[in-house]
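The next block holds one structure in the form of structure tokens; read it before the comments.
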Protein chains: 2
Amino acid sequence: MRLVIAKCSVDYIGRLTAHLPLATRLLLIKADGSISIHADDRAYKPLNWMSPPCRLEELEGQWRVVNKAGEELRITIEDILHDTSHELGIDPGLVKDGVEAHLQELLAAAPETLGPGFTLVRREYMTAIGPVDLLCRDGAGATVAVEIKRRGEIDGVEQLTRYLELLGRDPLLAPVTGIFAAQEIKPQARVLAEDRGIRCVVLDYNALRGVQKDELTLF
Amino acid sequence: MRLVIAKCSVDYIGRLTAHLPLATRLLLIKADGSISIHADDRAYKPLNWMSPPCRLEELEGQWRVVNKAGEELRITIEDILHDTSHELGIDPGLVKDGVEAHLQELLAAAPETLGPGFTLVRREYMTAIGPVDLLCRDGAGATVAVEIKRRGEIDGVEQLTRYLELLGRDPLLAPVTGIFAAQEIKPQARVLAEDRGIRCVVLDYNALRGVQKDELTLF
DNA sequence: TGGTCAATGTCGGGT
DNA sequence: ACCCGACGTTGACCA
């Protein structure tokens, strides 16, 4: 990893055109060849960047980065104030807990959370337009499609609606009802869902984890 | 801006929980108080970060970053290999060209691109569920809602469908037809749109710019 | 490779 | 502060 503080201007010509006027910035060159240009604010986002795979051609006062798609970053260097390189090695990577996949896992292990007598048919039930998070049967044996979100918003309701429309045409499954399950459901999403006859269920991650733990202690 | 290369492990407790095992990484501390932790790959995304506003408390071998929402980043420092600070000043900021706003601007100036006799009623026509990109009238005087995208995908069709449903209930506007206009329209989005009676129009950014330029030269 | 979806999405604008 | 939509979204996963 190479860290360069430089007075520079930048032009990007690719999916759009963008220009950065002359100023002092951080140029962050990584071992995979990627480069990002940071100002002294916004933790997350560089002002400009080029993702790998790409190639950096370093000329006098003019750096040029190009990728396969023909996108180009042109960095005009006025002055270099700092230039150091550091050996970092391969990172062991990030371990996450609490994302949607875990909610799905926990709910698949405890479908009765959604209603009495609920049983799981399949997780990630494939359809032509994408996978349904959970396919269940309710206490009466009717098919229920479940869309799981961390935060339930309108997009999620639309997604579930598309699945319901498709699944409802399958005579082996019809009639199919829907459940929109999330840790938090935005009011507008709830209105839209209920207007379409989709039941909303608010999930408690810790409680679900507790349920699973209790079940584990049975063995 | 402060650049630290350190052997560290990191824990994030917030919207989710995440852990980074011990390794050498870049800690990027910006003037606005934000911090991001980078490995030697992936141009764009840090492994971990905290967005401003947040506060960094620096103890012996243990950094702690917290924000208003109670999210926390705990950085355990094993060894510091590099530590420099640099004055960057305020960045003049990025100038973009070719984003959706420009497409909308150009199309608003040349509504006849969408069909003979088309006229503009309003850009960003407000509704209860959000702004319609363009509201037009066709050659026969009927209302047309136009959704503009750089890349037309299913989400955009859903969005336009919601607007059409709402606008169609307004007796002053009804009946309302829809146009899905984009520089590129994905096949699945086209199928969905046309299935719902929405016309698809592929836009040529350069041609549109040409039209506008021609009009400008008339004056 | 292309399609679909999640994300600690981030960011900006309007109400 | 909430809501909504764009983003060079990025990134992962699966057919």
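Note that the structure is a prediction, hence the values are computed from the model and not measured. In the text below, chain A, chain B and the rest are named by the order of the sequence lines, each starting its count at 1.
- The separation of D/dC7 from C/dA7, taken at their P atoms, amounts to 22 Å, rounded to a whole angstrom.
- Within the model, atoms CG of B/Leu22 and CD1 of B/Ile77 stand 10.5 Å from one another, a figure rounded to the nearest 0.5 Å.
- Straight-line distance from the CZ atom of B/Arg151 to the P atom of D/dG8: 11 Å, rounded to whole Å.
- Atom CD in B/Glu105 sits about 16 Å away from atom C1' in D/dA6, given to the nearest Å.
- A/Val146 has its side chain out of reach of A/Val201: every pair of non-hydrogen atoms, C-beta onward, lies at least 4.5 Å apart.
- Pairs of residues two or more places apart, or lying in two chains, never qualify as salt bridge (charged side-chain N to carboxylate O under 4.0 Å, His left out) while including a residue from residues 38-57 of chain B.
- For the C1' atoms, the distance from C/dA6 to C/dT10 is 14 Å, rounded to whole Å.
- Between the B/Lys30 side chain and the A/Ala39 main chain, a donor and an acceptor come within less than 3.5 Å of each other.
- With salt bridges taken as basic N to acidic carboxylate O contacts below 4.0 Å, none links B/Glu158 and B/Arg162.
- Here C/dA6 presents its P atom at 14 Å from CD of A/Gln183, a figure rounded to the nearest Å.
- Contact check of residues 4-28 of chain A against DNA chain D (heavy atom, cut-off under 4.0 Å) returns A/Tyr12, A/Arg15, A/Leu16.
- Here C/dA7 presents its P atom at 14 Å from CD of A/Glu184, a figure rounded to the nearest Å.
- Rounding to whole angstrom units, CD of residue A/Gln104 and C1' of D/dA12 are separated by 14 Å.
- Here C/dT10 presents its C1' atom at 15 Å from CG of B/Asn67, a figure rounded to the nearest Å.
- Counting to the nearest Å, the P atom of C/dA6 and the CG atom of A/Leu160 are 11 Å from each other.
- Looking at A/Ser51, its side chain never comes within 3.5 Å of a backbone N or O of B/Ala43 through a donor-acceptor pair.
- A heavy atom lying under 4.0 Å from DNA chain D marks the following residues of residues 32-53 of chain A, by number: A/Lys45, A/Asn48, A/Trp49, A/Met50.
- Crowding of A/Tyr205 atom OH: a count of heavy atoms from other residues, nucleotides or ligands under 6.0 Å exceeding 12.
- Spacing between C/dC11 and D/dG11 at atom P, rounded to whole Å, works out to 15 Å.
- Panel note: side chain B/Tyr44, backbone A/Tyr44; no donor-acceptor pair is recorded below 3.5 Å.
- When side chains are defined from C-beta on, B/Leu106 does not count as touching B/Thr113, because their heavy atoms never get closer than 4.5 Å.
- Not one N or O on the side chain of A/Arg25 forms a donor-acceptor pair closer than 3.5 Å with the backbone of B/Asp91.
- Side-chain contact between A/Gln104 and A/Glu124: present, with at least one pair of heavy atoms (C-beta onward) separated by less than 4.5 Å.
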Atom pairs, N/O to N/O, protein against nucleotides 1-5 of chain D, distance under 3.5 Å?
{"unit_1": "D/dC3", "atom_1": "O3'", "unit_2": "A/Gln188", "atom_2": "NE2", "d": "3.4"}
{"unit_1": "D/dC4", "atom_1": "OP1", "unit_2": "A/Gln188", "atom_2": "OE1", "d": "2.1"}
{"unit_1": "D/dC4", "atom_1": "OP1", "unit_2": "A/Gln188", "atom_2": "NE2", "d": "3.0"}
{"unit_1": "D/dG5", "atom_1": "OP1", "unit_2": "B/Ile129", "atom_2": "O", "d": "3.3"}
{"unit_1": "D/dG5", "atom_1": "OP1", "unit_2": "B/Tyr163", "atom_2": "OH", "d": "2.6"}

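- Shown here for B/Lys149 and B/Gly156, the closest heavy-atom pair between the two residues is CE-CA, 3.7 Å.
- Every residue two or more places apart in sequence or in another chain that forms a side-chain contact (heavy atoms from CB on, under 4.5 Å) with B/Val202 is listed here: B/Ile185, B/Arg190.
- C/dT4 atom P lies 18 Å from atom OH of A/Tyr125, rounded to whole Å.
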Identify the pairs formed between an N or O of the protein and an N or O of nucleotides 13-15 of chain D at a distance under 3.5 Å, and give each distance.
none

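- Remark: A/Ile5 CD1 to A/Leu27 CG distance equals 8.0 Å, nearest 0.5 Å.
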